Amino acid sequence: MTRTRALTSTLASAAALAAVALLASCTSPAEGSEGLRDVSVVVGDDTLAAEVRAGSDTDVGIEVVARGGGHEVRAGSTEPATDHRLVLVGLHPDTEYEVEVGAAGDEPRDDEEPLLVRTPPLPEGLPPFTVTSDPTRMAPGVTLFNLIDVGPPGEEPRDEGTLVAVDATGEVVWFHRAPHPIGDVRQLENGNLLYEYNDTAAREIDWSGQVVREWTGRLVAAGGPLEEDAFGRPIVGDQAVVVDVDSMHHEHTVLPDGDHAILSTELRTVPGFEGPRCGEDPATFDGSYDLIGDQVVEFDPDSGDVVRRWSLFDYFDPVTDPSPAGVCGLPFANVFPNWMYGRGGEGPRDWTHANAVVLDETRDALLVSVRHLDSILAIRRGGPDDGELIWRLGPNGTLRLGEGATWPRHQHAPEVQPDGTILLYDNGNLRPGTTQAGGPEPSQSRAVLLRVHDEATDPAGWWVEQLWEHRSVVDGQPAFAGFVGDADRLSNGNVLIVDGALAGRPEGLSAQIVEVVPAEDGQDGDPVFTLRVDGGPTWIVYRAERLDAIGDATPTP
């Protein structure tokens, strides 16, 4: 069965918001369920979740049921305690719920009145999106994604960070709103969410939106030169763990030993250029460029102490590297990392622009996606060869390309599979033969699965085999997303693909998320879930995750 649902954010009036505030917090004293007292249910306006608290004189478990809008949501804990906190998730926006809270195993009393709460509407100003799906063929769980408005900032401060979770039919079951743009997000083993934001910090939250831990670099920490945004709002809280880095951008990975791996940036002046590369006046060009390069940094999340640091300046030579983007980078002053280093007109150049770092346990390596140089590096992590370059995948790298394969260009989000293969999103910028590179073929993005063959186990030496690809389409036409994007393997073998910033889009369409069933012949796949964001050219989706369950972090201490 295929289902289609259209969702539009509600523009809440002041009166409606006031009504939400009045209904959002309900408290029941001792006359509540047998064995419980001081029962309260609180719904905030920046996260779609209900925080349930209750006390008891003896150690008991707790059960919660919320009914409204034709459905119900349950949560509970059998762990005996006298002080209880649960976060109820899976609720729908702008819906009134009757909430029953009781001790585990107790039957509700006939004279007991349920608590009434109303959930907030979708945040004001979000773009509408449409979902078409076949839930019978989808991988289970909810789809979590971020929405970012990359348009010019307004004159008034606004909340720019938004996470949204939808079920298989496209119903919104959770959202979270924060002041600054949210990028990479993932669920931790404890059920909480970890997300990178503002390209300068990272935060762990529970499902009520409560901050559990936070990390940042020295530039935006308290007292740093970038401590506040343009509206005077602090970027991070007072308790943030400070790491000796300039930035934290694009991806934040938790390693098996508990350390965190991040991408950061540094600024260096590099001499040795015989002439200008980016249109400078030859008469005044001094033979050098101020280049922004990336670092891979591993740090202790408790202390913030840096454990290891690898600079991409050690793996590429900007003077001799033949990558088409060269050292010029992007000319936009308001995009990261240009805004951080004060670029205006001629100035520091965004040279490498790494966008992912993931652990490859099969190779004892970190894989680093370097967008502007069309490369993925495998860097040895730990041991006597720590920092060794194992290989560079890409058109100017160290690996041979197998027959029928195509090099990724400006790629994002490599994901290492259990068998060691690598799934990634290939944006396809400047691919030879396409219109962007002066050729006749339309530019097109894709998800692609690659296998790197090792000379130690393959007589043919080091080479790359292409196993599968799915080329992005919109309304039957080739689709091109020139930046951002994601590809994830799901629990049933399907692949979730994010075309996060569509160029040449139909009127209004800005991004799409598609789940496909891969074809056995290695080409394309059958879509079973499509979410289209109809927000116009300024809205993008960076990544998406399929979560088996939401709210696993509850109850939290």
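These numbers were taken from a predicted model, which means no experiment stands behind them.
The side-chain hydrogen bond (donor to acceptor under 3.5 Å, both in side chains) test applied to Asp244 returns Arg218, not counting sequence neighbours. Qualifying side-chain contact (heavy atoms from CB on, under 4.5 Å) partners for Ala201, counting only residues two or more places apart in sequence or in other chains: Tyr197, Thr216, Val236. Residues forming a side-chain contact (heavy atoms from CB on, under 4.5 Å) with Asp305 (at least two apart in sequence, or on another chain): Ser303. Applying the side-chain hydrogen bond (donor to acceptor under 3.5 Å, both in side chains) test to Glu545 and every residue at least two apart in sequence or in another chain returns nothing. Judged as a side-chain contact (heavy atoms from CB on, under 4.5 Å), and not counting sequence neighbours, the contacts of Ser208 are Glu51, Arg85, Val87, Asp206, Gln210. His260 pairs by the ring pair (Phe, Tyr, Trp, His ring centres under 6.0 Å) definition with Trp215, His252, Phe299, not counting sequence neighbours. By the ring pair (Phe, Tyr, Trp, His ring centres under 6.0 Å) test, His372 is found to be paired with His353, His410, residues two or more places apart in sequence or in another chain being considered. Residues satisfying the ring pair (Phe, Tyr, Trp, His ring centres under 6.0 Å) test with Phe529, not counting sequence neighbours, are none. Remark: Phe175 engages no residue in a ring pair (Phe, Tyr, Trp, His ring centres under 6.0 Å) (not counting sequence neighbours). Listed by chain and number, the residues in a side-chain contact (heavy atoms from CB on, under 4.5 Å) with Thr265 are Asp246, Ser247, His249, Ile292, Asp294, Phe336, Pro337, Met340, Tyr341 (sequence neighbours excluded).
A salt bridge (Lys or Arg N to Asp or Glu O under 4.0 Å) check over residues 144-156, counting only residues at least two apart or in different chains, returns the pairs Asp149-Arg158.
Salt-bridge check for Glu266 with Arg309: failed, with every basic side-chain N at 4.0 Å or more from each acidic carboxylate O. The pair Asp385-Arg380 does not count as a salt bridge, with every side-chain nitrogen at least 4.0 angstrom from each carboxylate oxygen. Between Glu196 and Arg203 there is no salt bridge, since none of the side-chain N atoms of the basic residue sits less than 4.0 Å from a carboxylate O of the acidic one. A salt bridge does not link Arg381 with Asp360: none of the charged nitrogens is closer than 4.0 Å to a carboxylate oxygen.
Arg532 and Thr130 form no side-chain donor-acceptor contact under 3.5 Å, judged by distance and modelled atom types alone. Judged purely by distance below 3.5 Å, without hydrogens or angles, the side chains of Thr143 and Arg546 pair a donor atom with an acceptor atom.
Considering CZ of Arg543 and CG of Leu496, their distance stands at 12.5 Å, rounded to 0.5 Å. The line from CD of Glu96 to CZ of Arg118 is 6.0 Å long, rounded to the nearest 0.5 Å. Here OG1 of Thr421 is found 10.5 Å from CG of Leu424. Values are rounded to the nearest 0.5 Å. Atom CG of Leu126 is separated from atom CG of Asp159 by 10.5 Å, given to the nearest 0.5 angstrom. A distance of 12.5 Å separates CD of Glu189 from CG of Leu194, quoted to the nearest 0.5 Å. Annotation: the span from Trp539 atom CH2 to Ile148 atom CD1 amounts to 9.5 Å, rounded to 0.5 Å.
A donor-acceptor contact shorter than 3.5 Å is absent between the side chain of Trp174 and the backbone of Leu144. Using modelled atom types, no side-chain atom of Glu214 and backbone atom of Val241 make a donor-acceptor pair closer than 3.5 Å. Judged by distance alone, the side chain of Thr362 and the main-chain N or O of Gly420 form no donor-acceptor pair under 3.5 Å. Between the side chain of Ser510 and the main chain of Val533, a donor-acceptor pair closer than 3.5 Å is present. Without hydrogens or angle criteria, Arg53 side chain to Leu86 main chain gives no donor-acceptor distance under 3.5 Å.
The two residues Ser472 and Tyr425 have their closest heavy-atom pair at OG-OH, 4.1 Å. Minimum heavy-atom separation, His250 to Ala354: ND1-O, 3.7 Å. Nearest heavy-atom pair, Ile390 versus Ala365, reported as atom, atom and distance to 0.1 Å: CD1-CB, 3.7 Å. Nearest heavy atoms, His92 versus Tyr97: N-OH, 2.8 Å. Of all the heavy atoms in Ser264 and Val297, the pair that sits closest is CB-CG2, 4.3 Å. Residues Val43 and Ala50 share a closest heavy-atom pair of CG2-CB, 3.8 Å.
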Exercise for review: Check step by step if side-chain contact (heavy atoms from CB on, under 4.5 Å) holds for Ile235 and Leu226.
Suggested key: CA-CA 8 Å; Ile235 306 297; Leu226 301 176; over 6 Å; no
Practice item. Begin from the C-alpha positions of Val254 and Leu188 and carry the test side-chain contact (heavy atoms from CB on, under 4.5 Å) through to its verdict. Key: CA-CA 8 Å; Val254 177; Leu188 300 173; 3.8 Å; yes
**Study point:** Evaluation steps, side-chain contact (heavy atoms from CB on, under 4.5 Å), between His176 and Ile182
**Key:** CA-CA 10 Å; His176 172 65; Ile182 297 174; 4.2 Å; yes
Point to revise | Trace of the side-chain contact (heavy atoms from CB on, under 4.5 Å) decision for Tyr315 with Ile379 | key: CA-CA 10 Å; Tyr315 299 95; Ile379 299 174; 3.5 Å; yes
Check your understanding: Going through the checks in order, is the side-chain hydrogen bond (donor to acceptor under 3.5 Å, both in side chains) test met by Asp548 and Gln187?
Key -> CA-CA 10 Å; Asp548 292 336; Gln187 191 170 30; over 6 Å; no
Exercise for review: Apply the test salt bridge (charged side-chain N to carboxylate O under 4.0 Å, His left out) to residues Arg213 and Asp302: give CA-CA distance (whole Å), side-chain angles for both, the deciding distance (0.1 Å), then the verdict.
Suggested key: CA-CA 9 Å; Arg213 294 192 296 175; Asp302 296 322; 3.4 Å; yes
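Aromatic rings from Trp339 and Phe332 are positioned such that their centres are separated by 6.0 Å or more.
Two residues are said to be in side-chain contact when any heavy atoms from C-beta on lie closer than 4.5 Å; Glu204 and Leu193 fail this criterion. Looking at Val101 and Val65, their side chains never come closer than 4.5 Å, going by heavy atoms from C-beta outward. Looking at Asn494 and Val516, their side chains never come closer than 4.5 Å, going by heavy atoms from C-beta outward. Annotation: side chain of Arg74 is in contact with side chain of Arg67 (closest heavy-atom distance under 4.5 Å).
For the pairing with His180, the side chain to side chain donor-acceptor pair (under 3.5 Å) check across Asn198, Thr200, Asp229 returns one residue only, Asp229. Remark: of the listed residues Gln411, Glu251, His412, Gln411 is the sole one forming a side chain to side chain donor-acceptor pair (under 3.5 Å) with Ser369.
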Could you list the donor-acceptor pairs under 3.5 angstrom formed by side chains in residues 481-491, with sequence neighbours left out?
| from | atom 1 | to | atom 2 | distance (Å) |
| --- | --- | --- | --- | --- |
| Asp486 | OD2 | Ala544 | N | 3.3 |
| Arg489 | NE | Gln417 | OE1 | 3.4 |
| Arg489 | NH1 | Gly493 | O | 3.0 |

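Residue Asp59 places its CG atom among more than 12 non-hydrogen atoms of other residues, nucleotides or ligands, all under 6.0 Å distant.
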